[in-house]
Amino acid sequence: MLTKTGVQVVMILVAFGLSMGCGPAPVPSPSETANTTTASQDFGEVVAAVGNGAVGKKVLESQIREACTYCHAYPEPRTIPKGFWEKELRQAYGFLEHSDFDPQKVPPFAPTLRFFQDRAPERFEIAPPQWSPSPLVFKTRDLTIGVDGETPGQFALPVYQGVSNIQWSPWGAAKHSAGLITDMPTGQVFVWEPSTGRDTLTFLGKVTHPGHLETTDLDEDGRPDALVADLGTLQTSDAKKGRVLWLHPGQSGVYQMTPLLAGVGRIADVRAADFDVDGDRDLVVAEFGGQFSGHVLYLENQTTDYRKPRFEVHTLDDRAGVIHVPVADLNGDGRLDFMALISQEHEKIVAFLNQGQGNFRKEVVFDANNAGYGSAGIELVDVDGDGDLDVLLVNGDTLDFQIYRPYHQVQWLENEGSFPFRRHALTPLPGGLAVSSGDLDADGDLDIVASAFLPFGITDPQTGVNLLDGKRVASLVWLEQTSPRQFETHVLETGRYSHATVKCADVDADGDLDLLTGHFTLEGITPRAIGLSPLPGMITIWENQLR
């Protein structure tokens, strides 16, 4: 049985796709693992079981590679420090035990551990932060939840925040710009409408556990509505409780939730676009799933009456761990395509190029070749202003190991007209979970904002020192594009490591871009580590003082 804290960690992994390995499985003890020997046994003696001398070592390496690549890319030993490989391998052996991999091919544990440890670094070197003072000044204030006579009866005031997503979009009959916010633990969806003059969030509706929300006008009636990706379960599970829901105004003006897809694995994202060019909006769905239930789904719109919407489901990919599926015309052929960020053991970004009639060709945009890469979020945007769409990627999951890893970064994947894209590492960001972009300093080029989520802190793997104590880790950064293709990192905040989502938006309508950060913290997660007490506000507004 999971403890409260364990459930919360699993929930966070589920919500944002931050899960490595082939899926959840009990981690066996050495005595429970087949073909396991103690790590203290002589390496040569164990290798002798599979052959003699150099030949035996090659056989062992072949066994290791076959087992490791059964469900994901080969994990390079250099990706984890030597002292952490035992924990990682015990988890991996648990995955194999619960898979259909031939148990006779599972390599012995002790020599496998030695194999990885001998090739792993003793430690990761931690470079001093390369930060510079921000030329922009931001004024902050928090948004709270409004409770008044108009609040529906099913509304529940959260004890702790769990903001998983923020969208900024026209909303309501007047189509004023507003913030749409999802609270994952309680399942509630809120809206903040600055045009009302109030700094309070208004309840819109409730699902089970929303991970993402995307605004659209599905029924094309001229009124904005939204698609909600409902995980269905907090715990990592292959239970078929995921749903896609349509949040739309009813006849009385009260918003309703209409299911469009149900009985599937956990849904992390859903986007709408007319992929088949027949005049209505189809859906592409990121079914994060669990160990066996993940997919990329294409839902072909066959609705004739939106009082009873109907979609035909097509499976485009059967890998679990799909986080985001942003839509765009990626190759300029006039047809809408999309990309999928596929995490867990796959750690890839794949372009799905629309070939017409519901067919898509897959191209790999980026392959991390590292099962513990920690991919968390992507955004499609023209970073260098050359007229095509690039990818911003943040990979900063530290929830498997709370240790510093130099490859956790904000990255720019440059579109050079072919696949894969060219990778540019922009700045380290342990805990990096969300990325957004815009011209913050109004100088005509694109800047980048990224936020960190470090509920349990992060340590130097060599010394065990918590890097949060010395404020050696940022919680919110903006990367200024100082000249074409050159970025300078400015830290806006250290110490409040609760930002699971961030959005650039002109919230005060003064002509410059501000920021919205959400807070995610639950009972059992140490407030000292995240620098946040219960409910000071679910959202923080960062007003840009440029104008």
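Side-chain polar atoms of Asp238 and Ser293 form a donor-acceptor pair below 3.5 angstrom. Looking at Glu488 and Thr482, their side chains never bring a donor and an acceptor atom within 3.5 Å of each other. With no hydrogens or angles considered, no side-chain donor-acceptor pair links Asn466 and Thr459 at under 3.5 Å. Side-chain atoms of Arg496 and Thr540 form a donor-acceptor pair, as typed in the model, at a separation below 3.5 Å. In summary, the side chains of Asn395 and Gln409 do not present any donor paired with an acceptor at a separation below 3.5 Å, with no hydrogens or angles considered. Under 3.5 Å, the side chains of Asp269 and His212 contain a donor-acceptor pair of N or O atoms. With 3.5 Å as the limit, one finds a donor-acceptor pair spanning the side chains of Thr182 and Ser164. A donor-acceptor contact under 3.5 angstrom links the side chains of Glu493 and His499, judged on distance only.
Side-chain contact between Arg423 and Phe366 is present, with heavy atoms from C-beta onward closer than 4.5 Å. The closest side-chain heavy-atom distance from Phe116 to Pro77 is below 4.5 Å. Taking 4.5 Å as the limit, some side-chain heavy atom of Asp317 sits within range of a side-chain heavy atom of Lys362. Under the 4.5 Å side-chain criterion, counting only non-hydrogen atoms from C-beta, Leu446 is in contact with Val381. Using a 4.5 Å heavy-atom threshold, the side chains of Gln63 and Pro108 count as touching. Two residues are said to be in side-chain contact when any heavy atoms from C-beta on lie closer than 4.5 Å; Val285 and Val296 fail this criterion. Counting only heavy atoms from C-beta outward, the side chains of Ser343 and Phe288 approach each other to under 4.5 Å. For the pair Arg422 and Leu413, the minimum side-chain heavy-atom distance is 4.5 Å or more.
The aromatic ring centroids of Phe360 and Tyr298 lie less than 6.0 Å from each other. Ring centers of Phe124 and Tyr404: at least 6.0 Å apart, outside the cut-off. The aromatic ring centroids of Tyr93 and Phe109 lie less than 6.0 Å from each other.
Here the side chain of Tyr373 pairs no donor or acceptor atom with the backbone of Ala371 at under 3.5 angstrom. In terms of modelled atom types and a separation under 3.5 Å, the side chain of Glu363 and the main chain of Phe419 share no donor-acceptor contact. A donor-acceptor contact shorter than 3.5 Å links the side chain of Asp230 to the backbone of Thr208. Although no hydrogens or angles enter the test, the distance criterion places no donor-acceptor pair under 3.5 Å between the side chain of Gln344 and the main chain of Ile342. When atom types are taken as modelled, the side chain of Glu347 and the backbone of Gly374 share a donor-acceptor pair closer than 3.5 angstrom.
Ring pair His490/Trp478 is tilted by interplanar angle, where 30° to 60° counts as tilted.
For Lys240, the salt bridge (Lys or Arg N to Asp or Glu O under 4.0 Å) criterion is met by no residue, not counting sequence neighbours. For Ser483, the side chain to side chain contact (heavy atoms under 4.5 Å, CB included) partners are Gln486, not counting sequence neighbours. By the side chain to side chain contact (heavy atoms under 4.5 Å, CB included) test, Val264 is found to be paired with Leu261, Ile267, Glu287, residues two or more places apart in sequence or in another chain being considered. For Asp390, there are no salt bridge (Lys or Arg N to Asp or Glu O under 4.0 Å) partners, not counting sequence neighbours. Applying the side chain to side chain contact (heavy atoms under 4.5 Å, CB included) rule to Thr69 yields the partners Tyr74; only residues at least two apart in sequence or on another chain are considered. Looking at residues two or more places apart in sequence or on another chain, you find a side chain to side chain contact (heavy atoms under 4.5 Å, CB included) between Gln117 and Lys82, Trp85, Leu113.
When each of Val383, Val449, Ile378 is tested with Leu392 by the rule side chain to side chain contact (heavy atoms under 4.5 Å, CB included), just one qualifies, namely Val383.
Atom CZ of Arg485 has more than 12 neighbouring heavy atoms from other residues, nucleotides or ligands inside a 6.0 Å radius.
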Given salt bridge (charged side-chain N to carboxylate O under 4.0 Å, His left out), test Arg123 with Asp460 step by step and report yes or no.
CA-CA 9 Å; Arg123 59 172 293 171; Asp460 180 332; 3.5 Å; yes
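Ionic pairing of Lys57 and Glu61 is not present here: no N-O contact between side-chain nitrogen and carboxylate oxygen is shorter than 4.0 angstrom.
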